Amino acid sequence: MPELPEVETVARSLEAGQGTGSTILGRTIQRAAVAWNKTVAAPSATAFKKRIVGQQVTGVGRRAKFIRLDLSEDVLLVHLRMSGDLLFGRSDSPIGKYSRLQLYLDDGLQLSFDDARKFGRVWLVKDPEDVLGGLGPEPFDPALTPKAVHGLIHARKRQLKPLLLDQSFVAGLGNIYADEALHGARLHPLTSAHTISAKQSADLLAAIRAVLKEGIRRNGASIDWVYRGGDFQNHFKVYQRTGKPCPRCATPIERIVVGQRGTHFCPNCQIAPE
DNA sequence: AGGGAAACCCGAACGC
DNA sequence: TGCGTTCGGGTTTCCC
C-alpha cells in the first residue's frame with residue numbers, strides 16, 4: 001500500500017480510480033460515525049450506520065456533481081455542495097472540526113466527509129437513479145452534438161444563465177462555470193434560449209467544454225476561504241471580477257443578479273438581448 | 001413553463 | 001475591540 005498523508009482530498013482521484021480511488025477499492029466499512037445528522041439524507045443516521053457497516057467498496061465514480069461509491073449492497077452518493085470535502089487518511093488522524101461523517105475502513109484507513117457550512121449531503125441508496133434520475137446529460141457526452149444541443153436550447157424559452165445552472169438540462173455546471181462559459185461564447189446571460197442561432201449553440205457547447213476542461217486541469221477553484229488546492233480562481237475572466245477589465249476587450253466587467261445568483265459578464269463582448 | 005423567493009448554513013467581510 | 005448585518009455557494013420547495 002502506498003504511503004499516505006494524514007488526510008488527502010479524495011474527490012479528484014475518484015473518477016479515474018487512480019490514487020485514493022484505487023486504494024479504497026475492495027475495502028470494507030468497519031464502523032461509521034455521524035457527527036451531523038442532516039448530512040445523511042435519509043432516513044436516519046442510525047439506520048444509515050447500521051446499513052453501511054459491513055459493506056465493501058466495489059467501485060468509484062462520478063455523475064455530475066455527485067461522487068459515487070459502489071458498495072456491495074448499496075450505492076453511496078456524496079454531494080460536496082459548497083464547502084464539502086472528502087478526505088482519505090489513516091483512521092488515527094484527528095477528527096477535523098468540521099467533520100460530519102467518518103467511515104472507518106479496514107487496514108487502519110478512514111474516509112471522512114468534512115463540511116464547514118453543512119450544505120453537503122450523502123445518500124445511501126439501492127438504486128442511484130432515485131437520486132440521479134433527474135439529471136441531464138454530462139457536458140462531455142458524445143451524444144451531445146452541436147446539433148442536438150441546439151435542438152435542446154431552442155426548445156426552451158428561458159434565460160441562458162438559469163438554463164445552464166439547471167441540472168436537468170445539462171448536469172454539472174455551477175455558477176462559476178456558467179458565467180465563464182457564457183463569456184467564452186459571447187452570449188449575454190439574459191438571452192432567451194430560443195433566440196440563439198445554431199452557431200451560437202455550438203459556440204456555447206464548445207465554451208462549456210473548454211471552461212470545464214480548464215477547471216479540471218487547474219484542479220478546480222478554491223473560492224472564499226475554502227481551500228481545496230485548485231487555482232482556477234486565478235484565471236477567471238468574468239466571475240467575481242466586477243469592475244475589472246474584460247481580458248478580451250478591456251471593458252469593465254459588470255455584475256447583475258439573475259435568478260438570485262450573482263452573474264458576471266462583459267457588457268461589450270456579451271451583447272444584451274433587446 | 002418560467003420566474004421569484006425563501007430555506008438550509010456559517011465564516012468572512014463589512015459598517016458602526 | 002466588539003458588536004450586528006450582509007453575503008454567497010447549490011439545491012429544493014413553494015407560490016404566482
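Predicted model, so just to flag it, every value in this text is computed and none were measured.
- Listed by chain and number, the residues in a ring pair (Phe, Tyr, Trp, His ring centres under 6.0 Å) with A:His154 are A:His150 (sequence neighbours excluded).
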Between the protein and nucleotides 10-12 of chain C, which nitrogen or oxygen pairs are less than 3.5 angstrom apart?
unit_1 : atom_1 : unit_2   : atom_2 : d
C:dG10 : OP1    : A:Asn175 : N      : 3.1
C:dG10 : OP2    : A:Asn175 : N      : 3.4
C:dG10 : OP2    : A:Arg261 : NH1    : 3.3
C:dG10 : OP2    : A:Arg261 : NH2    : 2.1
C:dT11 : OP1    : A:His79  : NE2    : 2.6
C:dT11 : OP2    : A:Lys65  : NZ     : 3.0
C:dT11 : OP2    : A:Gln167 : NE2    : 3.4

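- Neither OP1 nor OP2 of B:dA1 sits under 4.0 Å from any side-chain N or O of A:Arg156.
- The ring pair (Phe, Tyr, Trp, His ring centres under 6.0 Å) search around A:Tyr104 returns none, not counting sequence neighbours.
- A rotation axis mapping the C1' atoms of four pairs onto the next four is fitted at both ends of the helix from B:dG2-C:dC16 to B:dC16-C:dG2 over five pairs, and the angle between these axes is 50° to 10 degrees.
- In terms of the side-chain contact (heavy atoms from CB on, under 4.5 Å) criterion, residue partners of A:Lys38 (sequence neighbours excluded) are, by chain and number, A:Trp36, A:Arg121.
- The side-chain hydrogen bond (donor to acceptor under 3.5 Å, both in side chains) check on A:Lys199 picks up A:Asp203, with sequence neighbours excluded.
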Produce the list of close N/O pairs, under 3.5 Å, pairing protein atoms with atoms of nucleotides 13-16 of chain C; give distances to one decimal.
none

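- Comparing B:dG11, C:dG8, B:dG3 against the side chain of A:Tyr239 picks out C:dG8 as the nearest.
- Note on residues 254-268 of chain A: no pairs pass salt bridge (charged side-chain N to carboxylate O under 4.0 Å, His left out), not counting sequence neighbours.
- Pairs passing the salt bridge (charged side-chain N to carboxylate O under 4.0 Å, His left out) check and including a residue from residues 234-251 of chain A, sequence neighbours excluded, do not occur.
- With sequence neighbours excluded, the residues satisfying ring pair (Phe, Tyr, Trp, His ring centres under 6.0 Å) with A:Tyr177 are A:Phe232.
- With rounding to whole Å, A:Arg117 atom CZ is found 14 Å from B:dC9 atom P.
- In this structure, A:Phe169 atom CZ and B:dG2 atom C1' are separated by 14 Å, rounded to whole Å.
- At least one side-chain nitrogen or oxygen of A:Tyr98 sits closer than 4.0 Å to the OP1 or OP2 atom of B:dG11.
- For A:Asp92, the side-chain hydrogen bond (donor to acceptor under 3.5 Å, both in side chains) partners are A:Arg90, not counting sequence neighbours.
- Taking side-chain N and O atoms only, A:Lys157 has no distance below 4.0 Å to OP1 or OP2 of B:dA1.
- Residues in residues 122-138 of chain A take part in these salt bridge (charged side-chain N to carboxylate O under 4.0 Å, His left out) pairs, two or more places apart or across chains: A:Arg62-A:Glu138, A:Arg63-A:Glu138, A:Asp74-A:Lys126.
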